[in-house]
Structure formats: structure tokens, C-alpha cells
> 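Please read through the structure below; I'll follow up with questions.
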Protein chains: 2
Amino acid sequence: MAELDIVVDRTSEIPLHQQISDAHRAAIASGQLRPGARVENEIDLAARLGLSRPTVRRAMEDLVHSGLVTRRRGSGTVVAPSQVRRQLRLTSLFDDLEAEGRRPTTSVLEFSIAVGSPETTETLGLPPKAGVLTIRRLRFAGGEPLAILTNELPADIAPDYSALGASGLYASLRDKGITIAGATQRIGARVATHAEAQLLGEKAGAPLLTLDRVAYSDSGRIVEHGSHVYRASLYSFDMSIRQ
Amino acid sequence: MAELDIVVDRTSEIPLHQQISDAHRAAIASGQLRPGARVENEIDLAARLGLSRPTVRRAMEDLVHSGLVTRRRGSGTVVAPSQVRRQLRLTSLFDDLEAEGRRPTTSVLEFSIAVGSPETTETLGLPPKAGVLTIRRLRFAGGEPLAILTNELPADIAPDYSALGASGLYASLRDKGITIAGATQRIGARVATHAEAQLLGEKAGAPLLTLDRVAYSDSGRIVEHGSHVYRASLYSFDMSIRQ
DNA sequence: CAGTGGTCTAGACCACTTA
DNA sequence: AAGTGGTCTAGACCACTGA
């Protein structure tokens with residue numbers, strides 16, 4: 001069993017359990033902990049680091065939740081197979097573009113505040129005829145058009161146009177003290193309209209991945225509705241699930 | 001603040017924390033706890049039920065993780081907005097089919113054990129030339145063809161053909177003592193080939209949602225590789241995310 | 001049998017929100 | 001200032017696995 005070289009810093013603002021899980025994440029990412037390797041058990045790790053077992057345990061639960069390790073009562077904790085991760089990641093074209101150092105860029109097609117349609121105000125949980133900011137952006141990766149992003153937000157929390165360009169939508173909201181607590185989303189597919197195809201440099205009838213998302217803040221308020229379309233030839237969604 | 005009528009059963013096999021989170025799930029689903037409603041705080045709930053705070057806390061963390069509630073330090077726990085859930089669910093055609101009572105059915109197109117291709121054995125983490133079971137099925141909902149499901153499994157854990165038909169793939173594996181601990185998956189889109197279109201009752205060039213999944217057991221062994229295509233006109237993936 | 005994770009207790013102190 | 005969730009401790013008993 002590998003003993004990871006973990007140094008816990010009790011003066012840090014980072015919770016102890018997160019320091020432990022971060023150290024394991026790094027060790028798995030770097031290959032120091034290989035797939036199938038046993039992870040040190042909770043009791044020993046707690047004793048070695050001078051922490052309580054529940055604290056170490058919480059770190060392990062984080063890792064299980066991320067799909068990085070699996071646990072079995074009586075048997076122990078093992079690093080999850082990496083083929084599972086690598087296999088799928090290898091063919092992600094967008095990741096390839098990013099790995100080549102071609103950063104994604106964005107151009108704003110529309111930025112307008114107007115009275116929201118009945119559908120929009122209902123989706124956003126606003127009273128009828130409330131003001132709504134609509135943003136349409138074209139996202140590029142490696143010089144190639146990749147996606148058309150449409151967002152609708154309540155006008156009273158609308159970020160500045162300049163802030164949007166500088167730091168992205170979610171970062172702009174965070175600067176205004178609004179943090180996203182969660183979202184519900186739906187992934188689907190359809191073929192491109194003529195207008196979409198033209199913007200994206202595809203032929204009409206090309207397959208598109210669609211993402212519809214409604215995000216809410218920790219106070220339970222609906223903060224944003226996004227309707228995005230991605231070129232299926234360049235983009236896919238990767239995710240790990242557990243249980 | 002609503003006091004939920006929860007009865008904890010200490011003799012039950014269901015963990016106490018799960019009994020608490022289940023009760024809240026039910027109350028939210030039934031509308032007894034409405035979106036925006038305050039949820040009873042941890043301390044009071046623990047005292048009222050005669051449980052410790054960490055036990056109650058674990059139940060709340062479950063709910064946060066499922067996206068059903070949001071929490072803020074100093075402020076409390078509130079039920080997440082239901083528009084977020086309902087809005088998206090309303091237009092899910094497959095859910096509509098299911099809600100109409102038309103159960104999904106499945107017909108098996110192929111069920112064969114053979115020496116695996118190099119790609120397949122590598123994906124499954126098997127030695128070269130190991131035996132691999134390939135299953136291809138056509139899934140219907142409401143009498144309509146919905147998806148083509150292709151699965152590859154190591155031959156030594158292959159379920160019986162009869163077990164597969166009776167209870168589905170994952171249930172068959174569970175009966176053999178194999179539980180799925182997690183998976184990595186990728187969702188993409190492409191257009192249907194002629195053969196796929198014919199099976200699915202679509203025109204060639206119709207958009208398809210694709211799902212590629214590699215699943216592993218709690219012992220860290222790769223158990224299954226699935227490559228599925230869904231008619232985008234009838235199917236989408238819904239998910240809730242947090243943080 | 002020893003080892004391991006799963007569950008649970010009864011507290012403690014702190015950071016943040018709201019009034 | 002009072003209320004709330006976030007973090008942490010130092011134990012306990014149990015269920016399951018594997019040699």
C-alpha cells in the first residue's frame with residue numbers, strides 16, 4: 001500500500017478534508033497512484049496525519065463521488081481503472097483543440113435588454129413583462145466556430161457588457177455576488193438550420209448537440225436560462241457517474 | 001418552517017440518514033414541501049427525531065447533492081425551484097410516452113460470444129484474444145423504435161440469454177453478484193446511417209444522440225462497454241448538477 | 001480470524017447571514 | 001445578537017471480505 005506524502009496545513013483556509021482529497025487527486029492524475037492500486041485505509045491515514053477518522057473519511061467520499069476510487073467494505077479502497085477515463089477522453093476533439101494550446105474565444109452577436117416573452121419570464125420565475133437580458137454569443141476554438149450560446153437572465157442582475165467580454169458570464173455573476181448553486185439541464189440533438197449552419201461553418205442538416213440549462217443560486221432564485229448548440233463533429237459531453 | 005412528519009425506524013435495514021432524506025424527497029415530490037420553502041434546521045430536526053446532528057446532516061447533504069435543496073450558512077436550507085425541474089421535463093417525449101403507460105420493450109438483434117477485437121479487449125481491460133459477448137438490442141417505447149443498444153462484456157461474466165430477456169442487462173449482472181460501482185460516459189450526436197435509419201424508422205440523415213459508456217465494478221474491474229444511439233426526435237438526457 | 005469500510009453518537013468551535 | 005450551516009474531534013458498534 002502506497003503511503004502518500006501529504007502535508008496538512010491547519011492554518012490554511014482550505015478545509016482539511018479537501019487538502020487530503022486534493023492530494024489524492026494529484027497523485028492519481030500524476031500516475032503516482034495507478035489504477036488498481038490500494039489506497040491507504042482510513043484509520044491508518046487518520047493516525048498518520050494526526051486527524052480524526054471522519055475527516056479522512058469525508059475526503060474519501062469526495063473521491064468516490066468523483067469516480068476516482070471505488071470502495072468495498074472489508075476489502076478496501078482502490079483507484080478506479082484509468083482506461084475508463086483515458087479511453088473516452090482520447091477522442092474528444094474539443095479537448096484536442098484545447099490541448100494544442102488554441103484557446104477558446106468568444107464573439108458577442110447580441111446583447112439586449114427587453115420585456116421578456118411569457119415563456120421566458122415563466123422559465124426565469126419572473127413576473128410577466130419583467131425585463132430580460134438576452135445574450136447570443138459565438139464560441140470559437142482553435143479559430144473554428146464551435147457553438148452558438150444563447151442566455152437569458154433577469155435584467156436586474158444583468159452583468160455589464162464589458163464585464164462579460166473580460167471574464168465570461170458566470171464569472172461576471174460571481175463578481176456581482178451571485179453564485180450558482182445548481183442547475184438542471186437537458187442534452188439533445190437536432191440538425192442545423194440554414195442560419196445556424198452558416199454561423200458555424202457547417203452545411204444545413206449537419207448534426208448539432210443541444211444543451212438546455214436552467215441555473216439557480218443558493219438562495220433558490222433562478223439566475224439564468226441557457227440554450228446552446230454545439231457542432232457535433234467537434235464537441236461531446238464527458239461525464240463520470242457513480243452507483 | 002414546516003415540520004415534516006417523519007418516523008424513524010431503528011430496526012430497519014435502511015440507514016437512519018437515508019430514512020430522513022427519503023422522507024424529504026417524498027415531501028418535495030408530493031408538493032408538501034414547495035419550492036422556496038424553508039426546511040427545518042439540522043439542530044431542531046436532530047433533537048425532534050432523537051438523532052445526532054451528523055446523522056441529520058448527512059441526510060441534508062444527500063438532498064443538496066441531488067439538487068433538491070440549497071443551503072447557505074447563516075441563512076438556512078430551502079427547497080430548490082421546481083420550475084427548474086418541471087420546465088425541462090415537460091417536453092421530454094420519452095417521459096411522455098412512459099407516462100402514458102406505454103412500457104418500453106426490447107428485442108434482441110444479436111447475442112454472440114467471439115474472440116474480441118484488439119480495440120474491444122483493450123477497452124474492457126482484457127488480454128488480447130479474450131472472449132467477448134456482444135449484444136445488440138432494439139428498444140421500443142410505445143410501439144415506436146427508440147434506440148439501438150450495443151453492449152460488449154467479458155465472456156466470463158456473460159449473463160444468460162434468458163436472464164437478459166427477463167430482467168435487463170444490469171439486473172442480470174447483479175444477479176451474478178456483480179454490482180456496477182461507476183462509469184464514465186460521453187454523449188455526442190451524429191446522423192443516422194441507412195441501416196440505422198431503417199431499424200429506427202427514421203430517414204437517413206436523421207439526427208441521433210450517441211451514448212458511449214464504460215462501466216466498472218466496485219472491485220475496479222471493467223464490466224461493460226455500451227455504445228448506444230437514440231432517435232433525437234424522441235429522446236434526450238436530463239440531469240441535475242450542483243455547484 | 002483480522003482488516004476494512006458503513007453507520008452513529010455527543011459534543012465543540014467557527015464563519016456567515018439576518019435583523 | 002441570535003440563528004444557521006461548515007468543520008472537526010474521539011470515540012463506538014456493526015457488516016462484510018479475505019486469508
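Predicted model only: the values in this text are computed from it and were never measured. Naming: A, B, ... by sequence-line order, numbering from 1 per chain.
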> Would you say the ring centroid of B/Y230 lies under 6.0 angstrom from that of B/F237?
yes
> Does the distance from a Lys or Arg side-chain N to an Asp or Glu carboxylate O, for B/E224 and B/R213, drop under 4.0 Å?
no
> How close or far is atom C1' of C/dC16 from atom CD of A/E13, stated in whole angstroms?
13 Å
> A/T77: which residues meet the side-chain hydrogen bond (donor to acceptor under 3.5 Å, both in side chains) condition with it, sequence neighbours left out?
A/R71
> Could you run down nucleotides 5-13 of chain D 5' to 3' and tag each one B, S or - for protein heavy-atom contact under 4.0 Å?
BBBSBB-B-
> Does either side chain, that of A/R25 or that of A/S66, offer a donor lying less than 3.5 Å from an acceptor on the other one?
yes
> With sequence neighbours excluded, what pairs up with B/R58 under the salt bridge (Lys or Arg N to Asp or Glu O under 4.0 Å) test?
none
